[in-house]
Amino acid sequence: MLDKIQFDHLKMLEAESIFIFREAAAEFARPVMLYSIGKDSSVMLRLAQKAFYPGKIPFPLLHIDTSYKFPEMIEFRDWYVKQIGAELIVHTNRKALADGANPYTLGTKACCGFLKTRALLDGLAEGGFDAAFGGARRDEEKSRAKERVYSFRDSLGQWDPKNQRPELWKLYNSRHHAGESIRIFPLSNWSELDIWLYIHKENIPIVPLYYAKEREAVVRGGSILLPQSGVRLLPGEKTQRIQCRMRSLGCVPCTGAIRSEADTLPRIIEELISFRRSERENRVIDHDEEGSMELKKREGYF
Amino acid sequence: MATTANVSVFTPVAAMHLGGASRKLLRFTTAGSVDDGKSTLIGRLLYDSQGIYEDQLASVRASRINRSPGAIDFSLLTDGLRAEREQGITIDVAYRYFSTPRRKFIIADTPGHEQYTRNMATGASTADVAVILIDATKGLLPQSRRHAYIASLLGIRHIVAAINKMDLVGYSQSVFENIAQHFNEYAETFEFETIYPLPVSAVGGDNVVRRSQRTAWFDGPALLTYLEELPLEEDDASDGAVRFPVQYVVRPDARFRGFAGELASGTLHPGDAVIALPSGRKTRIKSIITYDGELDEARPGEAITVTLEDELDTSRGDLLTGEEKPPSVSRTFSASLVWMHEKPLEPGAYYLLKHTTRTVRARVKRLLSRVDIHTFAEFPAETLHMNDIAKVEIEATLPLFFDPYRRIRTLGSLILIDPVSNATVAAGMIDGTLEKSIHQPLSSAAITPAERQQIFGHRAAAVWITGPAGIAESVERSLLEQGWRAHLLGSEFSEGEWRGAARALRDAGMVAIFSGAGEKNHRRDHASQLFSDNFFAFDEQEESVTDAAARIVSTLRKWREG
């Protein structure tokens, strides 16, 4: 019954996102979509397909691969991008990896700095991109509540919260000087629940890690980690079979799973309704220090 | 690859929570000063409607700061950025989200301190409702009037006066009624559709999500119930006028040419007659295309792609409109302007003006009056500073197709952009065309090339086109329709005449077009020397004259934009 319901508010959100995609594609010389393989990226891709239909998506996708991603993510990425005929660019900070960058010796903060923030800025500069679509939502984290749809970055990719342009109506200002860029967030007004309802309504493919399944896991300090590539077992740790799923996707060592029975989209949505914990809680990086996300953003992190 | 698992349906409990198909989006803005308890009210709305997660709450509980008398400082849930947490003030517009089974809500939380008029204007620009916080212990202050004024200026039709801190006045009915009556008297002058004053205590949660027993004398709904039940009419002020600004041209191959955009007002059907502006040419809608299939009808707010019966040279920035109720087409119009930048307005200087999907160059030709935000009296003004509001007359280098802001928001709103810094410096609401044009005394000084360039919107240039017949003619027509000064020079002149004509076009600041197919090479060399850096040659082999012309015009547009 309910899976036939259209949800007017999703149609309104969809139209707004499509408007943003078209506006940016028309006004920027070389936009790119940051593709992180997660559920929000999957929704962004569908919205971009809709915006330019029957044409193809008129910009490439850029994946910043830290090399610590779940193998299921990479497999999904290659399959899905091929499936919809999009152009994919993968960028990795090879030099940092060769120098041994990993979260254990560097700590999560420095590791993200090299493999995500630096890699992203280099990837954008290499491609000469003047605009990058990102899947961030304002409800994800407090520092994002004041983020614009068009987030202006200086020539070093940095975000200055006091120097953002006022954004009125749907009149987005895309003007920028050479070297400066604008991050664009078409999903700004979507909530996590909206994302899942839309995936359900539209039958959008997502990485299987989102569905609950019995998995080989290790419990560490309250988080459930999947011991795959990049995860080191500490002395005394043993793996066990746990029925679990990922609520958000990131790097294997820094993204925890949650105990869950939700193995279908309606069950995930029901779980979300009963949930009282935000989705970024299982990310190790956000808890480094109070306001840590804001600091990362100022430096150029998405 | 098994990537979707859609096999089961929702349980009845989940279905009830998710609500039904009529669940719509309501956007509201909140205004109040630092001490009115606005952050607390929003924190309370989010908390009581379960829009706050436990871990976010835990981080607030663990925070070193607690400015509230209770166990939880709700205002910390919404005060996001470090700087403002330290200073204890909200310095920018913040967006919050929550939903109930009946509606999804987007809150534009704006600081009410008077120096932040621009923030309230920003938050109000997309809002359906304004919630104005009034401190019951202080009564109606001038700032609440300013908030009502800005809400009205930005075209908000529904206003709520949340008279807060009722707990501190003993939930007194007479205190509430006194403030409510004053607010009503004042707000009635602004033609809001509804005005709803209600007593609340954000700290105690009274009348925020549920009706409170402590204000048994008040029989209106709680704030959340009111926002859930407020009828959200379609934008009927448009009276059905069709407005479709072309946002993007979809061209997957040579056979398909679709015009993508969001229908701003009216409804569209296949077969409907439309007029394309600025060309004024008539055609019909052939089909309305979406990823999810073709539509028999498109409604306001829908993202669509239309194809047309005739091949028109239509591009981004053009407007498709119905034959009935046409928009105004003019280079000059009156508007209300909110200045948003530290650098004051330079009267007479050219800015970029973005209106719908069209960006033109424009200047504030006359400052009619500045509105004093304290007394609402109008004064003459020499310039505008940050947070100033003024009535102005704007002159654009190309005509705009517009409606008054009060009639159709999308067709009446604009921003001004500083062409050097690229900053957004002002927001404008168009009032209408000028009733009588205002004549200024003419200067006797000769026009300089720079002035000519400002008026034309471009420098002189030469465009040398080689290719199938008709392209040069098409380019000339297209440029003229879009407000350029252009002329296609024929090849029938003698050598001396031709050279003189080319030079005159250059000195006149025109875009000189040459159809190069039958032309002599030395003429091309001559034109190239004459126009030096602004000489453009195009060798077009493409079959479609329209496509070739569109590409040339688009290249020229980029040249003009620098």
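So you know, we letter chains A, B, ... as the sequences are listed, proteins then strands, and number each from 1.
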Quiz item: Taking the six-membered ring for Trp, are Y248(B) and F52(A) ring centroids under 6.0 Å apart?
Solution: yes
Quiz prompt | S554(B): side chain to side chain contact (heavy atoms under 4.5 Å, CB included) partners, not counting sequence neighbours | solution = K558(B)
Quiz item: With a 4.5 angstrom heavy-atom cut-off, which part of T290(B) approaches chain A: side chain, backbone, both or neither?
Solution: backbone
Quiz item: Between F185(A) and W190(A), is the ring centre distance below 6.0 Å?
Solution: no
Quiz prompt | Heavy-atom proximity to chain A below 4.5 Å, by part of F256(B) | solution = side chain
Exercise. List the steps, then state whether ring pair (Phe, Tyr, Trp, His ring centres under 6.0 Å) holds for F133(A) with F21(A).
Key: CA-CA 8 Å; F133(A) 298 101; F21(A) 271 118; 4.7 Å; yes
Quiz item: Checking I415(B) against chain A: side chain, backbone, both or neither under 4.5 Å from a heavy atom?
Solution: both
Exercise. Between chain B and each of E167(A), R165(A), E180(A), count heavy-atom pairs under 4.5 Å; write down the option with the most.
Key: R165(A)
Quiz item: Which residues pass the side chain to side chain contact (heavy atoms under 4.5 Å, CB included) test with S315(B), sequence neighbours left out?
Solution: D318(B), Q482(B), R557(B)
Practice problem: Under 4.5 Å heavy-atom distance to chain B, tell me which part of E27(A) shows up: side chain, backbone, both or neither. | Solution: side chain
Quiz item: Under the 6.0 Å and 45° cation-pi test, does K170(A) pair with F19(A)?
Solution: yes
Practice problem: Answer with side chain, backbone, both or neither: which region of A29(A) has an atom nearer than 4.5 Å to a non-hydrogen atom of chain B? | Solution: neither
Quiz item: In terms of heavy-atom proximity below 4.5 Å to chain B, should K56(A) be classed as side chain, backbone, both, or neither?
Solution: neither
Quiz item: Given a strict heavy-atom distance threshold of 4.5 Å, which part of R358(B) is in contact with chain A: side chain, backbone, both, or neither?
Solution: neither
Quiz item: Any luck finding a side-chain donor-acceptor pair between E23(A) and T357(B) under 3.5 Å?
Solution: no
Exercise. Sort A423(B) into side chain, backbone, both or neither according to what part of it lies under 4.5 angstrom from a heavy atom of chain A.
Key: backbone
